[in-house]
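Here is the structure we will look at.
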Amino acid sequence: MLSDTEMQVAQALRQAKRVTVLTGAGISAESGLPTFRDPLTGYWSKFRPADLATPVAFRRDPELVWRWYCERRSAARAAKPNAGHLAITKLQSIVPDVTIVTQNVDGLHQAAGSTGVIELHGSIHSIRCFDRDHAMDLNQEDDSPDRHPACPQCGSLARPGVVWFGEMLPDEALARSIAAASACDVMLVVGTSGIVQPAASLGSRALTHGAFVAVVNPDPRSVMPGGLFLEGPAGTVLPGILEAAWPDSK
Ligand code: BV8
C-alpha cells in the first residue's frame with residue numbers, strides 16, 4: 001500500500017512532460033557499492049573517501065590513490081544495476097524527456113540501459129594523465145593496483161577520469177545539468193546526502209523554477225525544504241511509484 005506522498009509523486013510523474021533525476025552514491029548502495037559517507041572498511045578504514053578523492057592526496061601518494069581507484073573500479077565492474085537504476089531506465093522508456101544527472105562514477109545507470117546520462121563527477125572507467133590530462137587507454141587486463149601506467153605522450157602518471165574535490169566540474173556536464181534542473185516539471189533527488197556542491201544545489205534550483213521535487217532516501221535528514229520526502233531505499237521506492245503511476249506498464 002503506497003503512502004499519500006508516494007501517490008502524489010506518482011501523479012506528478014504521470015502528468016510530467018520533462019523529468020530530471022539527480023542521483024548520488026545511495027542509488028548504487030543496493031548494488032553493493034559503498035556510499036561516500038559509509039565508513040571505509042579493511043585496509044581503507046584509516047582513510048576518509050573525501051581525503052583520498054583530491055589532487056593533493058594523489059600528489060602526496062599516487063600509488064595509494066591509484067590503488068583505491070583500481071579496487072573501486074573492479075568493484076564497479078562486478079556490480080550489477082539494481083531495481084532503482086532499472087526503474088529510472090523504465091521511466092525513460094515511458095516519459096519522453098527524462099534527463100539523468102549523476103554524481104556517481106560507477107557507470108551503473110548506463111549498465112541499466114539509461115541513455116544520455118550526465119556524469120557530473122566523471123567516470124571511474126576512464127583514465128587520463130595527471131599533469132596534462134592526455135587521454136589514456138585503460139585495458140582491463142592491465143588494470144591492476146600494482147601497475148600504475150605512465151602517459152605515453154608525456155610520461156606523467158595516470159589518474160582516474162573523475163572530478164576530485166577542489167577541481168572544476170566539466171563545463172558542458174554542469175551547464176546541461178543546470179539547464180535540466182531549470183526546465184523540468186518534476187525532479188527526483190535519489191540517494192544523495194546533498195553535501196557536495198555544485199550538485200547539491202540542483203534540487204533547490206528546480207524548486208525555484210517551480211518544479212515538483214521529491215527526495216528518495218532512507219535517511220530522513222536528507223529531506224529538502226519545499227520538496228516531498230519518500231523515506232526508503234531507491235530499489236523499493238522507485239519501482240513502487242512507477243507501478244502506481246503506470247499500473248499497466250510492464
Ligand atoms: C568545485 C568523484 C569549484 C570522485 C566526487 C574547498 C576547496 C575546494 C572546493 C570546496 C571547498 N569547500 C567546499 C568545496 C566545494 C566542494 C564540496 O562540495 N565539498 C563538500 C565536501 C563540502 N566541491 C568541489 O570541490 C567540487 N568542485 O566546487 O569546483 C571550485 C574549485 C576549486 C576551489 C573552489 C571551488 C567537486 C566535487 C566533486 C568531488 N568528487 N566524486 C570519486 O567518486 O572518487 S564527490 C563524491 O561525493 C561522489 O561523487 C558522491 O556521489 C558525491 C556526493 O556524495 P553522495 O552521492 O551524496 O553520497 P553520500 O555518501 O554523501 O550520501 C549517500 C546518500 O545515499 C545518503 O544520504 C544515504 O542516506 C543515501 N542512501 C543510502 N542507501 C540508499 C540511499 N539512498 C537511496 N537508496 C539507498 N538504498
Side-chain angles (χ1 to χ4, degrees), residues 21-41 44 47-58 64-76 79-88 100-109 117-128 130 159-171 173-175 177-178 188-204 214-224 227 229-241:
V21 185
L22 171 67
T23 65
I27 196 164
S28 296
E30 291 162 89
S31 296
L33 297 182
T35 70
F36 239 67
R37 268 128 210 114
D38 281 337
L40 290 179
T41 55
W44 302 106
F47 299 98
R48 285 184 332 122
D51 295 338
L52 290 173
T54 70
V56 170
F58 188 86
L64 177 81
V65 174
W66 178 254
R67 175 178 295 279
W68 185 53
Y69 278 92
C70 284
E71 293 194 11
R72 285 178 61 200
R73 185 164 40 247
S74 64
K80 297 277 175 280
N82 63 61
H85 296 106
L86 295 170
I88 293 171
I100 300 162
V101 179
T102 189
Q103 300 172 84
N104 300 340
V105 298
D106 56 34
L108 287 182
H109 283 300
V117 178
I118 301 173
E119 294 179 311
L120 264 184
H121 297 158
S123 171
I124 203 165
H125 299 293
S126 70
I127 61 172
R128 59 179 193 262
F130 182 77
R159 57 161 289 173
V162 303
V163 179
W164 277 328
F165 289 100
E167 294 186 322
M168 304 299 281
L169 273 63
D171 289 341
L174 184 56
S177 303
I178 290 170
L188 302 179
V189 179
V190 184
T192 180
S193 59
I195 294 171
V196 174
Q197 294 296 353
S201 56
L202 292 172
S204 45
V215 173
V216 176
N217 198 310
D219 182 346
R221 288 171 300 175
S222 49
V223 68
M224 182 187 297
F229 181 68
L230 300 175
E231 185 168 352
T236 305
V237 171
L238 290 178
I241 46 180

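Note that ligands are numbered from 1 as they come in the structure, with each ligand's atoms numbered from 1 the same way. Note that this is a predicted model, so its numbers are computed, not measured. The figures that follow rest on heavy atoms only: side chains count, while hydrogens, waters and symmetry mates do not.
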| request: For Gln197, counting its heavy atoms only, list the atoms of ligand 1 lying under 4.0 Å from any of them. | output: 17 (C), 18 (O), 23 (N), 24 (C), 26 (C), 28 (O), 37 (C)
| Do protein heavy atoms approach atom 10 (C) of ligand 1 to less than 4.0 Å? | no
| note | among protein heavy atoms, the one nearest atom 69 (O) of ligand 1 is Asn217 OD1, 2.7 Å
| task | Please indicate whether any nitrogen or oxygen in Phe165 is less than 3.5 Å from any nitrogen or oxygen in ligand 1. | result | no
| Which atom names give the shortest non-hydrogen contact between Ala79 and Leu108, and what distance separates them? | O-CD2, 3.7 Å
| query | Do Phe229 and Asn217 have side-chain heavy atoms sitting under 4.5 Å apart? | reply | yes
| note | The answer for which part of Val162 has a heavy atom under 4.0 Å from ligand 1 is side chain
| Are any non-hydrogen side-chain atoms of Tyr69 and Leu52 less than 4.5 angstrom apart? | no
| field | Polar contact flag for Phe36 and ligand 1 (N/O pairs, less than 3.5 Å) | value | yes
| field | Residue selection (non-hydrogen contact nearest atom 1 (C) of ligand 1) among Arg37, Glu167, Arg221, Met168 | value | Glu167
| message | Any atom of ligand 1 sitting under 4.0 Å from a heavy atom of Val105? | response | yes
| How far is atom 71 (N) of ligand 1 from its nearest protein heavy atom, and which residue and atom is that? | Gly26 CA, 3.6 Å
| query | Does Leu238 reach the side chain of Leu188, with side-chain heavy atoms less than 4.5 Å apart? | reply | yes
| Within a strict 4.5 Å, meaning less than it, do heavy atoms of the Phe36 and Ile195 side chains meet? | no
| Any nitrogen or oxygen of Leu169, main chain or side chain, under 3.5 Å from a nitrogen or oxygen of ligand 1? | no
| remark: Numbered in order shown, the ligand 1 atoms found under 4.0 Å of a heavy atom of Trp164 are 36 (C), 39 (C)
| message | So for Gly235, does at least one of its heavy atoms come nearer than 4.0 angstrom to any atom of ligand 1? | response | no
| request: Give the atoms of ligand 1, by number and element, whose distance to some non-hydrogen atom of Gly191 is under 4.0 Å. | output: 63 (C), 64 (C), 65 (O), 76 (N), 77 (C)
| query | Can you tell if the side chain of Leu202 reaches within under 4.5 Å of the side chain of Gln103, non-hydrogen atoms only? | reply | no
| Quick one: does atom 35 (C) of ligand 1 have a protein heavy atom under 4.0 Å from it? | no
| task | Find out whether His121 and Asn104 are in side-chain contact, i.e. whether some heavy atom of one side chain is under 4.5 Å from a heavy atom of the other. | result | no
| query | Is the closest protein non-hydrogen atom to atom 6 (C) of ligand 1 under 4.0 Å? | reply | no
| task | Look up atom 3 (C) of ligand 1 and tell me if a protein heavy atom lies less than 4.0 Å from it? | result | yes
| Any donor-acceptor pair under 3.5 Å linking the side chain of Glu30 with the backbone of Asn82? | no
| said: With respect to Gly232, determine whether any N or O atom, backbone or side chain, lies less than 3.5 Å from an N or O atom of ligand 1. | reply: no
| request: Look at atom 31 (C) of ligand 1 and say which protein heavy atom is nearest, naming residue and atom and giving the distance to 0.1 Å. | output: Gly166 O, 3.4 Å
| message | Can you list everything that forms a side-chain hydrogen bond (donor to acceptor under 3.5 Å, both in side chains) with Ser204? Sequence neighbours excluded, please. | response | none
| request: Considering only non-hydrogen protein atoms, determine which one is nearest to atom 39 (C) of ligand 1 and report residue, atom name and distance to 0.1 Å. | output: Val163 O, 3.4 Å
| Any donor-acceptor N/O pair, Arg73 side chain to Ile124 backbone, under 3.5 Å | yes
| field | N/O donor-acceptor pair under 3.5 Å between Thr192 side chain and Thr23 backbone | value | no
| Per-atom contacts, ligand 1 versus Ala25 - under 4.0 Å to a heavy atom | 51 (O), 55 (P), 56 (O), 58 (O)
| query | For ligand 1, is Arg72 a contact, meaning one of its heavy atoms is under 4.0 Å away? | reply | yes
| query | Heavy atoms, side chains only, cut-off 4.5 Å: are Val65 and Trp164 in contact? | reply | yes
| Which residue and heavy atom of the protein sit nearest atom 80 (N) of ligand 1, plus the separation | Glu30 OE2, 2.9 Å
| message | Is there a polar contact, in the sense of an N or O pair closer than 3.5 Å, between Tyr69 and ligand 1? | response | yes
| Looking only at atom types and distance, does a side-chain atom of Ser31 sit under 3.5 Å from a main-chain N or O of Leu33, one as donor and one as acceptor? | no
| said: Please list the nearest protein heavy atom to atom 78 (N) of ligand 1 with its residue and the distance rounded to 0.1 Å. | reply: Ala234 N, 2.9 Å
| message | Parallel, tilted or perpendicular, judged at 30° and 60°: which one describes the rings of His85 and His109? | response | perpendicular
| Do Phe47 and Trp68 make the cut of ring centroids closer than 6.0 angstrom? | no
| request: Provide the number and element of each atom of ligand 1 under 4.0 Å from a heavy atom of Pro233. | output: 78 (N), 79 (C), 80 (N)
| Hey, is ligand 1 close enough to Asp219 that some N/O pair sits below 3.5 Å? | no
| message | Just to confirm my output: which protein heavy-atom neighbour is closest to atom 53 (C) of ligand 1, and how far is it? | response | Gln103 OE1, 3.3 Å
| field | Winner among Asn104, Asp106, Ile195 once heavy atoms are compared against atom 20 (C) of ligand 1 | value | Ile195
| query | At what distance is the nearest protein heavy atom to atom 37 (C) of ligand 1, and which residue and atom is it? | reply | Val196 CG1, 3.6 Å
| message | If the test is side chain to side chain contact (heavy atoms under 4.5 Å, CB included), which one of Val163, Val101, Leu120 qualifies with Leu174? | response | Leu120
| remark: Of Pro218, Ser222, Ala29, Gly24, the one whose closest heavy atom lies nearest atom 75 (C) of ligand 1 is Pro218
| query | Do you see a protein non-hydrogen atom under 4.0 Å from atom 13 (C) of ligand 1? | reply | no
| message | Checking the side chain of Asp51 only, and the main-chain atoms of Ala57 only, is there a donor and an acceptor separated by less than 3.5 Å? | response | no
| Who are the salt bridge (charged side-chain N to carboxylate O under 4.0 Å, His left out) partners of Arg72, not counting sequence neighbours? | none
| message | As a test of the contact definition, would atom 24 (C) of ligand 1 count as having a protein heavy-atom neighbour under 4.0 Å? | response | yes
